Student: 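One structure follows; several queries about it will come next.
In the text below, chain A, chain B and the rest are named by the order of the sequence lines, each starting its count at 1. Below, all heavy atoms of this structure are taken into account, side chains as well, without hydrogens, waters or symmetry copies. If you're wondering where the values come from, they're calculated on a predicted model, not measured in any experiment.
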Amino acid sequence: TQLLEQSPQFLSIQEGENLTVYCNSSSVFSSLQWYRQEPGEGPVLLVTVVTGGEVKKLKRLTFQFGDARKDSSLHITAAQPGDTGLYLCAGSLGNQFYFGTGTSLTVIP
Amino acid sequence: NAGVTQTPKFQVLKTGQSMTLQCAQDMNHNSMYWYRQDPGMGLRLIYYSASEGTTDKGEVPNGYNVSRLNKREFSLRLESAAPSQTSVYFCASRGGLGNTIYFGEGSWLTVV
């Protein structure tokens, strides 16, 4: 059983469309991070959220941390082919760091 | 500016063979981690080390051992490799502003 569940697992959309990826858990996290991973490489940090209800924007990407700090979402506006990749959420519990199941996004030109 | 480096990049093992994956970080981080990544499973924590001299089990520690040799280095050993250990392995360290995790480039291991 994964501590963090992501949905959807796979997403294929046309360039210009909007999308939302969800990250859910029954645990409360002190912080939650989103990563993007490209084939053959390690994950790279996109953002860290630490406060319940926090919203952060990174260009066309909007990240939200749930009020209870158990869930998060990633919204991409006007997706581009360069957004293609595996998106992973990760939560911090003490010294341990747990990753979600991942969402594989393909943006078709 | 190396960050986290891990070796080897690729390895093929026969069932029952042993091997060690090496990892080193040059960011003076206290915490280091070993993850495995399998399709549809995301990244699963094998072992972690909160500081030099300490190691703890993660979600999937069976079949693995680790050594935190010093602050820089954290190795992962497979004593008797099994096909179920075929995976991509990532080493990571954590620290700095925002307590960010930094990953190595991954090690592709195939056990036949």
Side-chain angles (χ1 to χ4, degrees), chain A residues 1-11 21-25 27 29-51 54 56 58 63 65 69 72 74 85-106, chain B residues 2-7 9-10 21 23 25 27 29-61 66 68 74 87-108:
Chain A
T1 303
Q2 293 281 140
L3 199 61
L4 286 161
E5 295 287 343
Q6 281 183 241
S7 60
Q9 187 174 356
F10 298 98
L11 192 55
V21 176
Y22 299 94
C23 176
N24 296 296
S25 177
S27 298
F29 293 96
S30 55
S31 68
L32 201 142
Q33 300 184 341
W34 283 93
Y35 291 79
R36 181 166 167 265
Q37 185 180 19
E38 298 198 29
E41 298 181 7
V44 175
L45 179 69
L46 295 173
V47 77
T48 300
V49 285
V50 296
T51 306
E54 182 177 0
K56 279 193 174 178
L58 187 67
F63 304 87
F65 200 12
R69 305 206 316 276
S72 181
L74 158 61
L86 179 67
Y87 289 82
L88 295 157
C89 65
S92 175
L93 285 175
N95 287 318
Q96 297 201 37
F97 213 72
Y98 295 95
F99 281 83
T101 46
T103 295
S104 180
L105 172 65
T106 302
Chain B
V4 179
T5 56
Q6 54 181 109
T7 57
K9 181 90 171 175
F10 300 98
L21 298 175
C23 176
Q25 51 95 7
M27 296 173 282
H29 290 166
N30 285 319
S31 299
M32 296 186 73
Y33 305 81
W34 275 105
Y35 291 90
R36 61 177 287 173
Q37 187 173 32
D38 303 290
M41 302 292 288
L43 284 151
R44 291 183 293 170
L45 181 63
I46 304 171
Y47 271 92
Y48 69 101
S49 171
S51 62
E52 182 180 353
T54 68
T55 60
D56 285 286
K57 294 178 180 180
E59 302 169 77
V60 288
V66 290
R68 184 73 183 267
F74 187 39
S87 189
V88 183
Y89 292 85
F90 286 97
C91 176
S93 71
R94 183 181 178 194
L97 191 64
N99 225 9
T100 300
I101 279 201
Y102 297 87
F103 285 88
E105 293 185 336
S107 296
W108 274 252

Student: Examine B/Phe103 together with A/Phe99 and report whether their ring centres are nearer than 6.0 Å.
Tutor: yes

Student: Not counting sequence neighbours, which residues clear side chain to side chain contact (heavy atoms under 4.5 Å, CB included) with B/Thr55? List them please.
Tutor: B/Ser49, B/Val66, B/Arg68, B/Phe74

Student: Using heavy-atom distances under 4.5 Å, tell me whether A/Leu86 contacts chain B through its side chain, its backbone, both, or neither.
Tutor: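 The answer is the side chain of A/Leu86.
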
Student: Given heavy-atom pairs under 4.5 angstrom as the criterion, report whether the side chain, backbone, both or neither of A/Tyr35 touches chain B.
Tutor: side chain

Student: Quick one: what part of A/Gln6 sits under 4.5 Å from any heavy atom of chain B, side chain, backbone, both or neither?
Tutor: neither

Student: Counting only heavy atoms not in B/Lys57, do more than 12 sit closer than 6.0 Å to its NZ atom?
Tutor: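 It does not: B/Lys57 NZ has 12 such atoms or fewer within range.
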
Student: What part of A/Glu41 gets within 4.5 angstrom of chain B, counting heavy atoms only: side chain, backbone, both, or neither?
Tutor: backbone

Student: Could you grab the distance from atom OG1 of A/Thr101 to atom CG of B/Asp38, nearest 0.5 Å is fine?
Tutor: 13.0 Å

Student: Identify the heavy atoms of A/Gln33 and B/Ile101 that sit nearest to each other, and give their distance.
Tutor: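 Residues A/Gln33 and B/Ile101, closest heavy atoms: OE1-N, 4.3 Å.
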
Student: Is the number of heavy atoms from other residues, nucleotides or ligands within 6.0 Å of CD (B/Glu105) greater than 12?
Tutor: no

Student: Go through A/Pro43, A/Ser92, A/Gly102 and name the one with the most non-hydrogen pairs under 4.5 angstrom from chain B.
Tutor: A/Pro43

Student: Decide yes or no for A/Tyr98 and B/Glu59: does some side-chain heavy atom of the first lie under 4.5 Å from some side-chain heavy atom of the second?
Tutor: yes

Student: Please list, chain by chain and in numerical order, all residues satisfying side chain to side chain contact (heavy atoms under 4.5 Å, CB included) with A/Val44, sequence neighbours excluded.
Tutor: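 None.
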
